[in-house]
Student: 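For reference, the structure I am asking about is given below.
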Amino acid sequence: MNTHLIDGQWCDGEGDAFESLNPFNQQVLWLGRSASAAQVDEAVRAARAAFAGWALRPLVERIVVVERFAECLCEQAEVLAKAIGEEIGKPLWEARTEVTSMINKVAISVRSQAERAGEQHGADGSTRLSHRPHGVVAVLGPYNFPGHLPNGHIVPALLAGNSVLFKPSELTPRVAEITVRCWQQAGLPSGVLSLLQGGRRTGEALAAAEIDGLFFTGSSATGAALHRQFAGHPERLLALEMGGNNPLLVEPVENRAAAVQIILQSAFISAGQRCTCARRLLVPHGHWGDELLRELVQAASALRPGAFDDQPEPFMGTVISLHAARQLREAQQYLIELGGKPLLPLTQLRHGAALLSPGIIDVTALESVPDEEYFGPLLQVQRYQGFEQAIKLANATRFGLAAGLISDSSERFARFHALSRAGIVNWNKPLTGASSGAPFGGIGASGNHRPSAWYAADYCAYPVATLQAETLSAPPAVPGLPG
Ligand code: NAD
C-alpha cells in the first residue's frame, strides 16, 4: 500500500504495522506500516535537497501553489469531511466546518504572512527587514482536528519557503493521506512536502533527525517529551501547542438560559475533544448557582450523541477510540473515589462504540482536584464563594490555554482579563470559539510562547535585519582609526 510520500514518490512503510478504526463501529479504515527511522532520514535528505529551490522561488509563485491546494480542497470537500467523520467520529456538520477552516486558512495565511513576516524598508532606504525560512521543518499533528490543525502549521511553513515533513496522528492516517494528495495535485515540487505515517516512534525519529524546526500540536506530555529531546539544541526551533485544564467562571447573570447554552458548547462540543473546551465550571454557592446547575444538567442530558452520519444530525459524535472512552470512564470513577459527586454520569451508550453521554461531576468537596486534562465530555464543577476566590480557582492550574467568564459586569471582566493566566480569555462567548484573525496559544504547560494561527508566520521564518547603501562610502570616522 502506498501510504507515505517521500521525495515525491508514494511508497510503503517499513516500520510497525498499524491501523485506523472507525470509533463508532471499529471498522478498519486504513491499514499500513509506519515510516522507519531510515525512511525518516531519506525524507529529511529529500526535503533538504528541495529546500533551496522552493525557498528561492518568488513568494507569488508559492502563493499560487498554496491557492491551488485550496482549490483542490474545495473539490474534495465532501470526501474529506466524510473521511474526518469516519476516522474520528465528528458529526458531518462539524467535519464540514473543519474543511472550510482548512480552505480559509490559505487566504488568512497569505495575509498574516504579509503583515507579520513581510519585507519592510526604512524611509531613506538604508534599513531593510526581511524574513527567511528555517529550512526543513517537521509538523506533528493531533487527532482531534486531523485536517485543520496540521494545516495551520503546514500552510504558513510552505508559504514562508520551508520544506515540510508531516507526521499526522497515527489515529488519522486516512485524512492526512487525502490532504497530502491535494498538495501533490497543487503542484508542490518533489521533496518539499513529505508524508510520514506512524506513531510515537516515528515522531521521535523525526525529532531526532537533522531538522531545523518542529511545529507540534498535541498533549502536554508529548510536548514536554519533545522539549527534553530538543534540550541542548538551541539552533532548532520548537513550537508547542498543547492541552489545557480550562476554567469557565459563571456569575449570576440575568439570562441564565444563554449561560447554559454557552456552557454546553464550551464543555461538550466535539465530544469535549477541543483543546479549549471548558474542563472546570466555577459556579457560585447559593440558590442562583443551584438553579443554574439544575438547568445545565437537564439541558446536557437532552444533548444527542450519535454516529457522524446519523440523521437528524447529532450534536456530538464519539470520542476517538474505545480506549479513550474507557480512560474517561476511569477518570470519572477516580474523581468519585476522591469525593466527587456525579450530577450527570458520563456513560458509554453502546457496546463496541466509543459513544459517551456528557458527564458533569461536582468536585467541590475534593481536598485537592487533580490538575489533569480529561480530553472528553466530562465537566467538573467547583462551587465558589465570591469573585476573588473564583479567580484563584480559575488560575489554580499548571496549564494556561483558555479561560472564560460569563458575567453581566464589564468591571468584573476587566479584572478577570487582567488576572487570568491564559492565552485565550473570553467573555460571554463559548470558550471553544476563537477568531482566525487572532493568535492562538497558551502559557504554562499549554505552550512555549510560540502562538499559532495569526502568529504562525512568526515561527515559520526568522527575521533578517539589514543596513544597506547602494553607493559605497567610508563610514563615519571613529576615534583612533586613521581616516
Ligand atoms: P498526542 O500528544 O498524543 O499526539 C500528538 C502527536 O504527537 C501525534 O502525531 C503523535 O503520534 C505524536 N507523538 C506522540 N508521542 C510522541 C513522542 N514521544 N515523540 C514524538 N511524537 C510523539 O496528542 P493527541 O492525543 O493526538 O491530541 C490531543 C491533545 O492535543 C490534547 O491534549 C489537546 O488539548 C491537544 N491539542 C492542543 C491544541 C492547541 O492548539 N493547543 C489543539 C488541539 C489539540
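Counting starts at 1 for both ligands and their atoms, in listed order.
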Student: May I ask you to check if ligand 1 and S446 share an N or O to N or O distance below 3.5 Å?
Tutor: no
Student: Report the nearest protein non-hydrogen atom to atom 32 (O) of ligand 1: residue, atom name, distance rounded to 0.1 Å.
Tutor: E373 OE1, 2.5 Å
Student: With a cut-off of 4.0 Å, which atoms of ligand 1 are near a heavy atom of P168?
Tutor: 9 (O)
Student: Ligand 1 and L226, any nitrogen or oxygen pair closer than 3.5 angstrom?
Tutor: no
Student: In terms of side-chain heavy atoms, does Q265 have a donor or acceptor partner in Q261 at a distance below 3.5 Å?
Tutor: no
Student: Is the shortest side-chain heavy-atom distance between F145 and K90 below 4.5 Å?
Tutor: yes
Student: Among L356, T318, L355, which residue meets the side chain to side chain contact (heavy atoms under 4.5 Å, CB included) test with Q348?
Tutor: L356
Student: Does either side chain, that of S270 or that of R274, offer a donor lying less than 3.5 Å from an acceptor on the other one?
Tutor: yes
Student: For K82, is there an ion pair with E86 - N to carboxylate O distance below 4.0 angstrom?
Tutor: yes
Student: Identify which of G218, C277, P142 has a heavy atom lying nearest to atom 35 (C) of ligand 1.
Tutor: G218
Student: Regarding atom 24 (P) of ligand 1: of the candidates F216, F145, Y143, which has the closest heavy atom?
Tutor: Y143
Student: Quick check on contacts: which atoms of ligand 1 are under 4.0 angstrom from a heavy atom of N144?
Tutor: 43 (C), 44 (C)
Student: Using every non-hydrogen atom in the two residues, find where P142 and T172 come nearest and quote the distance to one decimal.
Tutor: O-OG1, 4.4 Å
Student: Does ligand 1 come near enough to Q229 that some N or O of the ligand is less than 3.5 Å from an N or O of the residue?
Tutor: no
Student: From S169 OG over to K167 NZ, what is the distance, rounded to the nearest 0.5 angstrom?
Tutor: 6.0 Å
Student: Short list, please: which atoms of ligand 1 are under 4.0 Å from a heavy atom of G243?
Tutor: 32 (O), 34 (O)
Student: Quick one: which of R200, R274, H148, E170 has a heavy atom closest to atom 10 (C) of ligand 1?
Tutor: E170
Student: For atom 41 (N) of ligand 1, which candidate among Q197, M242, K167, E204 provides the closest heavy atom?
Tutor: M242
Student: At a 4.0 Å cut-off, with the gap strictly under it, does some heavy atom of A207 reach an atom of ligand 1?
Tutor: no
Student: Counting C-beta onward and ignoring hydrogens, is there a side-chain heavy-atom pair between I269 and F315 closer than 4.5 Å?
Tutor: yes
Student: Starting from atom 23 (O) of ligand 1, find the nearest protein heavy-atom neighbour and note its residue, name and distance.
Tutor: S219 N, 3.3 Å
Student: Pick one: which of Y459, F166, F440 meets ring pair (Phe, Tyr, Trp, His ring centres under 6.0 Å) with H153?
Tutor: Y459
Student: Is there a side-chain contact between P370 and L335 (heavy atoms, below 4.5 Å)?
Tutor: yes
Student: For atom 20 (C) of ligand 1, which protein heavy atom lies nearest, and how many Å away is it?
Tutor: G203 C, 3.4 Å
Student: Where do H134 and F51 come nearest, in terms of heavy atoms and distance?
Tutor: C-CZ, 4.5 Å
Student: So for ligand 1, is A225 a polar contact partner (N or O within less than 3.5 Å, distance only)?
Tutor: no
Student: Of the non-hydrogen atoms in V155 and V66, which two are nearest, and what is the gap between them?
Tutor: CG1-CG1, 3.8 Å
Student: Just need the protein heavy atom nearest to atom 6 (C) of ligand 1, so name the residue and atom and give the distance.
Tutor: G141 O, 3.3 Å
Student: Using a strict 4.0 Å cut-off to heavy atoms of F440, name the atoms of ligand 1 that fall inside it.
Tutor: 39 (C), 40 (O)
Student: Using a 4.0 Å cutoff against the non-hydrogen atoms of L140, which atoms of ligand 1 qualify?
Tutor: 20 (C), 21 (N)
Student: Could you list the atoms of ligand 1 found under 4.0 angstrom from a heavy atom of T217?
Tutor: 5 (C), 37 (C), 38 (C), 39 (C), 40 (O), 42 (C), 43 (C)
Student: Looking at V44 and E210, what are the two nearest heavy atoms and their distance?
Tutor: CG1-O, 3.5 Å
Student: Considering only non-hydrogen protein atoms, determine which one is nearest to atom 28 (C) of ligand 1 and report residue, atom name and distance to 0.1 Å.
Tutor: F375 CE2, 3.8 Å
Student: Tell me yes or no: between the side chains of S219 and T222, is some donor less than 3.5 Å from an acceptor?
Tutor: yes
Student: Distance under 4.0 Å to a non-hydrogen atom of L149: what atoms of ligand 1 satisfy this?
Tutor: 42 (C), 43 (C)
Student: Which residue from S169, C275, A208 reaches closest to atom 39 (C) of ligand 1 through any of its heavy atoms?
Tutor: C275
Student: Between S452 and ligand 1, which part of the residue brings a heavy atom under 4.0 Å of the ligand: side chain, backbone, both or neither?
Tutor: neither
Student: Looking only at protein heavy atoms, identify the closest one to atom 16 (C) of ligand 1 and say how far it is in Å.
Tutor: T222 CG2, 3.3 Å
